[in-house]
Every structure is written in structure tokens, then in C-alpha cells.
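First the proteins, then the strands, lettered A, B, ... as listed; each starts at 1. This one's a predicted model, so the numbers in the text were calculated from it and none came from an experiment.
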Amino acid sequence: MHLTLSACLPFSLRAVIDSHGWSQLAPFAVEAHNETLTRIECLSTGRVVELCIHETTGGASVEAKGRFTGAEREEVGYKVWWMLGLGQDFSPFYRRIRNAPKLAHVEPKAMGRLLRSPSVFEDAVKTILTTNTTWQGTIRMVEAIVAAHGTPLPTDPSRHAFPTPQQLAATHEAELRGLGLGYRAPYVLELAQHTAGGSVDLEALKELPDSEVRQRLRALKGIGEYAATSLMVLLGHYDHIPTDSWATKLVSQEWYGGEPVGREEVERAFAPWGEWKALVYWFWDWSS
DNA sequence: GGTAGACCTGGACGC
DNA sequence: GCGTCCAGGTCTACC
């Protein structure tokens with residue numbers, strides 16, 4: 001199967017891959033010197049396929065082995081469109097940051113899009129697994145649940161899709177703890193059970209307004225202020241900054257001479273950027 | 001509303 | 001090799 005998808009220009013697959021660490025998390029993988037993004041994906045029919053995504057003139061192309069039905073092609077097209085944020089228009093953002101020396105690299109490199117998972121459920125689980133641990137810990141935990149509970153790729157059973165809410169809901173807390181999730185295990189299990197059971201509709205968050213999204217995310221166990229804001233940024237709400245220890249450290253060094261700062265100071269530092277705060281923070285040139 | 005302590009793991013460090 | 005300490009967000013109990 002071969003699909004071609006057009007993007008709101010400018011677009012750079014490399015910029016999406018490098019946008020944050022998500023491309024390092026299973027079932028994503030990056031090949032050919034960061035030029036190809038691959039992903040093992042379980043379609044709604046239960047079929048597991050490997051998607052190979054390349055940049056093309058004007059957007060991206062997707063390749064996968066085998067013949068696909070019309071519905072399968074449509075599903076793949078939507079998922080890749082969402083993952084890469086192909087429909088996102090960053091021209092207002094670029095206009096706003098022109099003349100800002102610390103952001104001069106952003107528009108020429110078509111930065112702005114953040115790689116996201118096809119489902120909000122997957123992004124929520126991964127975000128929970130970023131909290132209170134190191135990045136290596138997050139990589140290890142995600143690999144563990146994908147390998148243990150994701151459906152294997154038929155042509156290479158060593159690779160798996162991300163587990164569905166139903167697959168994770170069918171596990172037990174002790175099993176997830178055994179995978180190294182620690183105290184996060186009940187949070188992931190509860191989220192999977194609520195999602196699988198229908199009492200939580202994470203996909204609806206893609207269309208809801210800012211305040212409603214925040215309220216619904218904060219109601220989920222294991223998702224605090226940082227995790228909720230991180231997820232909101234992935235969903236395209238940029239007016240708050242996901243403040244973790246790294247953010248406070250950067251802001252402290254940049255504007256407060258190394259003095260300890262908190263969430264308020266981080267928000268205040270980027271307040272002039274209004275609705276684009278989070279993107280400005282994320283792509284700010286911290287090198288000095 | 002604010003604060004302290006517990007939760008888990010891996011890595012760094014000292015012995 | 002072993003034990004101790006620390007970093008990393010969120011939750012809960014308490015004031």
C-alpha cells in the first residue's frame with residue numbers, strides 16, 4: 001500500500017521526529033538517519049502492520065506491505081495525519097515569533113509540530129510513564145508494556161503494536177508492577193479500564209475547548225498539573241507550559257541567575273507570548 | 001489553600 | 001558487592 005498525504009506548509013518530517021522524545025518510544029522507530037519514521041500499528045480490524053513514513057514534496061507518504069481495504073487505507077491516512085499534525089497551520093505562530101532572535105531557527109526549519117500517538121490513550125499512558133522518573137526509565141517502561149501486551153507483527157513477532165485499552169484493561173496491577181511501572185501501575189490500569197469500558201472518552205479531547213480538556217484530564221488518576229499540560233500541548237493547546245524540574249532549571253538559569261524558581265516564574269517568563277507560550281518555551285534557544 | 005510524606009526505580013556514590 | 005542517598009511528579013492526609 002502506498003498513501004500520499006498533503007501537509008499545511010511548511011512541513012518537515014525531520015522536525016516532527018526531532019520535536020521531542022516520542023520517536024524513541026515503542027512502537028515508533030526512526031531509520032535511515034532520521035529520514036524515515038516507522039511504527040507498528042494495530043488497525044481497528046485487528047490487523048497489525050508496519051507503517052513506513054517518508055517526507056515528500058508537500059507532505060508525507062506512507063508505505064505498508066500488503067493489500068489494504070478502503071477502510072484500512074482511510075484509517076491509516078487519518079492516524080498518520082494526526083500523528084504528524086499535517087493539518088496544523090503554524091503561520092500565525094511564525095508571524096508572532098518573527099524578530100525574536102532566540103526563535104530565529106524555528107520557521108526556517110518548519111518547527112512547531114510535535115509528534116503524537118494515533119490515540120490520546122497512548123499519549124496519556126506514555127505521559128504517565130514520564131512522571132517521576134528518568135527518560136531512560138520511560139523508554140524501559142514503554143518497551144516493557146508494548147512487548148508484554150501489544151499484538152505482535154505477523155512478519156516479525158519481535159515487534160509489537162501499542163496495547164489497546166482492552167488489552168491493558170485485561171491485565172492486573174501486579175503484572176504491570178512486574179514490568180517496572182511501580183506505583184504508576186494502578187494509574188495505567190485504571191485509565192485502560194475506564195477507556196475500554198467507555199466511561200472515559202479520551203478521543204473526544206481532540207475536539208473540546210481548552211478548559212474542558214484540562215478539567216477532564218485532571219480528573220484522571222496519575223495525571224497531575226504537569227502531565228495534563230503536556231497532553232494539552234500535544235492536543236494543540238499552547239497557552240500553558242508543562243513545568244517539570246527541567247523547565248524550572250532552564251528558566252532559573254536563563255532569567256534568575258540560578259536561583260530556585262517555581263511554576264509561576266516559568267509561566268511569567270513566557271507570559272508575553274500568550275497563546276503560543278508552550279511552543280515558545282519548547283523551541284527556545286537555550287544554548288547560551 | 002498549602003504542606004509533608006509516601007510511592008518506585010535506577011543511578012551515583014561511599015565503604 | 002552492598003548499602004545509602006537522591007531525583008523525578010502525583011496523591012493523600014493533615015493543618
### Task
Would you kindly confirm whether A:Y226 and A:L279 end up in one hydrophobic cluster when ILVMFWY residues are joined by side chain heavy atoms under 4.5 Å apart?
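Different clusters: A:Y226 never reaches A:L279 through Ile, Leu, Val, Met, Phe, Trp or Tyr contacts under 4.5 Å.
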### Message
When you group the ILVMFWY residues by side-chain heavy-atom contacts below 4.5 Å and let the links chain together, are A:V62 and A:L153 in the same group?
### Response
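No; tracing contacts between hydrophobic side chains, which count when under 4.5 Å, never links both residues.
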Candidate nucleotides [options], ranked by approach to the side chain of [X] - the nearest:
{"X": "A:D244", "options": "B:dC7, C:dC11, C:dG9", "answer": "C:dG9"}
{"X": "A:N132", "options": "B:dT9, C:dC11, C:dG8", "answer": "C:dG8"}
{"X": "A:Y226", "options": "B:dC7, C:dC11, C:dT10", "answer": "C:dT10"}
{"X": "A:T131", "options": "C:dC11, B:dC7, C:dG9", "answer": "C:dG9"}
{"X": "A:R218", "options": "B:dC8, C:dT10, C:dC11", "answer": "C:dC11"}

Rounding to an integer number of Å, can you tell me how far [X] [atom1] sits from [N] [atom2]?
{"X": "A:E190", "N": "C:dC11", "atom1": "CD", "atom2": "C1'", "value": "12 Å"}
{"X": "A:M141", "N": "C:dG8", "atom1": "CE", "atom2": "C1'", "value": "10 Å"}
{"X": "A:I128", "N": "C:dG9", "atom1": "CD1", "atom2": "C1'", "value": "11 Å"}
{"X": "A:R184", "N": "C:dT10", "atom1": "CZ", "atom2": "C1'", "value": "10 Å"}
{"X": "A:R263", "N": "B:dG1", "atom1": "CZ", "atom2": "C1'", "value": "14 Å"}
{"X": "A:E225", "N": "C:dT10", "atom1": "CD", "atom2": "P", "value": "8 Å"}
{"X": "A:I145", "N": "B:dT9", "atom1": "CD1", "atom2": "C1'", "value": "16 Å"}
{"X": "A:L189", "N": "B:dC7", "atom1": "CG", "atom2": "P", "value": "19 Å"}

Just checking [X]: base, sugar-phosphate only, or nothing, at a heavy-atom cut-off of under 4.0 Å?
{"X": "A:A185", "result": "nothing"}
{"X": "A:I223", "result": "sugar-phosphate"}
{"X": "A:G222", "result": "sugar-phosphate"}
{"X": "A:L220", "result": "sugar-phosphate"}
{"X": "A:T134", "result": "nothing"}
{"X": "A:Q136", "result": "nothing"}

### Query
Can you find a donor-acceptor pair, distance only, under 3.5 Å between A:Y183 side chain and C:dG9 base?
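Side chain to base: pair present.
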### Query
Atom CG of A:L84 and atom CD of A:E55: how far apart are they, to the nearest 0.5 Å?
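Answer for the CG-CD pair, A:L84 versus A:E55, is 10.0 Å.
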### Message
Consider ring pair (Phe, Tyr, Trp, His ring centres under 6.0 Å). Of A:W276, A:Y238, A:W282, A:W255, which one does A:F270 pass it with?
### Response
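Of A:W276, A:Y238, A:W282, A:W255, ring pair (Phe, Tyr, Trp, His ring centres under 6.0 Å) with A:F270 is met by A:W255 alone.
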### Query
Is the closest side-chain heavy-atom distance between A:R39 and A:M83 below 4.5 Å?
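Yes, at least one pair of side-chain atoms sits under 4.5 Å.
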### Query
If only side-chain N and O atoms of A:R140 are considered, is one of them under 4.0 Å from the OP1 or OP2 phosphate oxygen of B:dG10?
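Answer is yes, contact under 4.0 Å.
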### Query
Would you say the side-chain atoms of A:H54 and A:S61 include a donor-acceptor pair closer than 3.5 Å?
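No, A:S61 and A:H54 have no side-chain donor paired with an acceptor closer than 3.5 Å.
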